[in-house]
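Got a structure here, written out as structure tokens. Questions coming.
On a predicted model such as this, the values are computed, not experimentally measured, just so you know. Side-chain atoms are counted along with the backbone in the values below, which use heavy atoms only and exclude waters and symmetry mates.
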Amino acid sequence: MPSSTAWGALLLVGLCCLAPRSLADGDAAQDTHAPEHDHAHHEVPACHKIAPNLADFAFSMYRQVAHESNTTNIFFSPVSIATAFAMLSLGAKGNTHDQILEGLGFNLTERAESEVHQGFQQLLRALNQPDSQLQLTTGSGLFINESVKLLDKFLQDIKNLYHSEAFSINFGHNEEAKRQINDYVEKGTQGKIVDLVQDLDKDTVFALVNYIFFKGKWEKPFEPKHTTEEDFHVDEDTTVKVPMMNRLGMFDVHYCDKLASWVLLMDYVGNATAFFILPDQGKMQQLEAMLSRDVLAKFLEKQHTRSANVHFPKLSISGTYDLKNVLRKLGITKIFTYAADLSGVTEGGHLILSEALHKAVLTIDERGTEAAGATFLEAIPMSMPPTVEFNRPFSLLIYDRNTKNIIFLGKVVNPTQ
């Protein structure tokens with residue numbers, strides 16, 4: 001049964017390989033994710049090589065979305081989006097092909113394209129490793145009209161490198177086609193994302209869907225009995241009531257002068273860490289302008305454990321994006337026009353990408369997931385701990401320590417939206 005406390009998302013992102021050695025507590029496990037042919041232990045894993053590019057893409061997209069509205073929640077999976085388009089680039093040619101990879105942050109004069117695809121192959125393999133502690137699955141589906149025949153090479157490549165499936169579908173039967181795509185996503189996200197596709201153009205011959213589902217529990221849970229209704233200040237004129245979790249204990253939390261923000265790192269059981277960044281009143285835009293993989297690397301390097309009294313809202317937010325609009329601004333334009341060259345995808349006929357949708361859902365509660373049933377006690381120093389209240393807009397990201405990737409990125413403006 002999916003619990004009410006889960007993360008689902010359509011489309012996934014990779015982050016930064018700048019964590020110091022001491023932090024790579026996933027190292028022992030990493031060998032199991034190495035490609036079979038990688039015998040040299042000292043070689044940098046392929047998924048770490050593409051992580052800086054994916055991190056840059058993540059922050060570019062975040063800034064683009066934030067620029068369009070500073071009054072809405074933001075939540076997306078950069079890895080998911082990058083995976084879907086990197087996969088599509090396997091069937092693109094010429095300028096269409098170059099635009100995709102460059103828009104995702106890859107400089108093809110500096111890195112062989114085969115290395116990029118190997119990086120994604122290893123990233124997906126590592127993220128989809130069965131893990132009893134963290135649930136994380138991602139998948140991609142291509143839906144192609146029955147009248148169109150896919151090239152064998154493209155089918156093999158997306159299967160081998162991207163673990164992706166292709167489905168033949170009759171887009172002429174509009175409602176039925178919509179149901180098939182939505183069922184695929186609902187199943188993949190364990191019921192968290194339903195009715196992703198609201199309307200489908202009758203002339204569609206090609207739709208790409210990518211999803212990610214993540215569910216984790218906090219290493220140090222909150223006690224539900226300490227959760228109380230408190231104010232959350234959306235902006236100067238708007239205040240909403242939210243259930244605010246509260247825990248006095250040892251946290252990795254510090255104040256960062258450069259960002260004029262409190263920075264809180266909370267670990268999930270397993271390989272994931274959540275970063276929550278709470279800027280001072282009026283400093284959100286300064287924070288957003290400065291967010292980068294270098295800043296992130298510094299947070300990972302300097303672990304500041306101290307006693308603190310943390311107030312954090314229980315919330316469920318989501319973000320839905322028409323990627324045509326967002327990616328055009330990052331230079332990926334051709335694939336959405338009649339000038340698109342996707343001749344590596346199908347035999348004959350002219351394809352353009354008609355739909356590219358991404359949806360991500362985030363739920364945060366006391367445990368992270370269903371009841372863990374464990375009591376947690378820790379010693380707290382006697383000094384006066386600071387109180388850190390997440391009662392105004394803040395940014396967040398979820399980072400996979402094993403692959404050094406940003407899985408989700410977002411901003412909470414109004415937790416009740």
Side-chain angles (χ1 to χ4, degrees), residues 2 8-12 77 79-93 96 100 117 120-121 123-125 127-128 136-213 320-324 327 335-336 340-361:
L10 280 172
L11 285 139
L12 169 84
S77 172
V79 162
S80 190
I81 295 167
T83 299
F85 279 84
M87 178 176 88
L88 198 53
S89 77
L90 289 165
K93 299 273 201 301
T96 307
I100 294 173
H117 295 301
F120 278 106
Q121 180 186 31
L123 172 64
L124 293 170
R125 191 182 297 158
L127 291 176
N128 284 312
L136 180 59
T137 45
T138 99
S140 300
L142 283 176
F143 293 85
I144 308 282
N145 203 41
E146 291 166 344
S147 59
V148 175
K149 172 112 173 62
L150 291 178
L151 290 169
D152 287 341
K153 183 179 182 331
F154 180 70
L155 266 177
Q156 281 313 111
D157 283 348
I158 67 169
K159 201 169 159 187
N160 296 342
L161 294 166
Y162 287 86
H163 313 280
S164 181
E165 307 170 88
F167 303 95
S168 189
I169 189 171
N170 183 349
F171 281 107
H173 294 152
N174 201 273
E175 288 304 311
E176 176 57 21
K178 207 159 68 178
R179 191 186 62 74
Q180 271 178 271
I181 296 174
N182 286 336
D183 284 355
Y184 170 78
V185 174
E186 185 172 343
K187 186 169 162 243
T189 59
Q190 301 188 16
K192 284 286 141 196
I193 294 178
V194 293
D195 297 334
L196 172 73
V197 180
Q198 300 284 336
D199 41 22
L200 206 51
D201 196 310
K202 280 259 194 290
D203 303 324
T204 300
V205 291
F206 184 76
L208 169 66
V209 168
N210 179 289
Y211 67 81
I212 175 173
F213 175 82
T320 305
Y321 303 94
D322 174 354
L323 295 175
K324 278 194 268 200
L327 295 180
I335 194 165
F336 302 112
D341 183 351
L342 288 170
S343 54
V345 176
T346 60
E347 292 176 7
H350 192 83
L351 273 189
I352 71 168
L353 184 62
S354 49
E355 288 284 342
L357 296 172
H358 175 64
K359 180 165 185 176
V361 179

Determine the minimum heavy-atom distance between Ala166 and Leu150, stating which atoms define it.
CB-CD1, 3.7 Å
With sequence neighbours left out, the residues meeting ring pair (Phe, Tyr, Trp, His ring centres under 6.0 Å) with Phe143 are Phe167, Tyr184
Distance in Å, Ile352 CD1 paired with Asp341 CG, rounded so as to fall on 0.5 Å steps:
13.0 Å
For the student: nearest non-hydrogen atoms of Leu124 and His163, plus distance
CB-CD2, 3.6 Å
Measuring from Asn174:CG to Thr204:OG1, what's the distance to the nearest 0.5 Å?
7.5 Å
For a side chain to side chain contact (heavy atoms under 4.5 Å, CB included) check, start with the C-alpha distance between Leu342 and Ile335, then their side-chain angles and the critical distance, and finish with the verdict.
CA-CA 8 Å; Leu342 288 170; Ile335 194 165; 4.1 Å; yes
When rounded to the nearest 0.5 angstrom, what distance separates CG in Asn210 from CG in Leu357?
11.5 Å
Indicate the atoms forming the closest heavy-atom contact of Gly91 with Phe154, along with that distance.
N-CE1, 3.6 Å
So how far is it from Gln156 CD to Lys159 NZ, rounded to the nearest 0.5 Å?
6.0 Å
Using the rule given for side chain to side chain contact (heavy atoms under 4.5 Å, CB included), can you reason through Thr138 versus Thr83, listing the C-alpha separation, both sets of side-chain angles and the distance that settles it, and then say yes or no?
CA-CA 10 Å; Thr138 99; Thr83 299; 5.8 Å; no
List the atom of Val194, the atom of Glu186, and the distance in Å for their closest heavy-atom pair.
CG1-CD, 3.3 Å
Run the salt-bridge test on Lys187 and Asp183 with the 4.0 Å N-O cut-off and return the result as yes or no.
no
Near His173 NE2, under 6.0 Å, is it more than 12 heavy atoms from other residues, nucleotides or ligands?
no
Is any side-chain heavy atom of Met87 closer than 4.5 Å to a side-chain heavy atom of Leu142?
yes
Just so I know, are the side chains of Ile181 and Ile169 near enough to count as touching, which here means a heavy-atom distance under 4.5 Å?
yes
Donor-acceptor pair, side chain of Lys324 and main chain of Glu355, under 3.5 angstrom
no
Within a 6.0 Å radius of atom NZ on Lys153, are there more than 12 heavy atoms belonging to other residues, nucleotides or ligands?
no
Which heavy atom of Ser77 sits nearest to which heavy atom of Ala360, and what is that distance?
N-CB, 4.4 Å
I'd like to check Leu353 versus Phe85 (side-chain heavy atoms, cut-off strictly below 4.5 Å). Are they in contact?
yes
Does Glu146 have any salt bridge (charged side-chain N to carboxylate O under 4.0 Å, His left out) partners at least two apart in sequence or in another chain, and if so, which?
none
Donor-acceptor check, side chain of Ser164 to backbone of Ile158, threshold 3.5 angstrom: yes or no?
no
Within this structure, what is the CD-CG distance for the pair Gln121 and Asp157, rounded to the nearest 0.5 Å?
10.5 Å
With distance as the sole test, does Asn145 use its side chain to make a donor-acceptor pair with the main-chain N or O of Phe171 at under 3.5 Å?
yes
State, yes or no, whether a side-chain contact exists between Thr346 and Val205 at a heavy-atom distance under 4.5 Å.
no
Sidechain-backbone polar pair: Ser354 side chain, Phe206 backbone, donor-acceptor under 3.5 Å
yes
For residues Tyr211 and Gly188, report the shortest heavy-atom separation together with the two atoms involved.
CE1-O, 3.3 Å
Contacts of His117 that satisfy ring pair (Phe, Tyr, Trp, His ring centres under 6.0 Å) - sequence neighbours left out:
Tyr162
Donor-acceptor pair, distance only, cut-off 3.5 Å: does the side chain of Asn182 make one with the backbone of Leu196?
yes
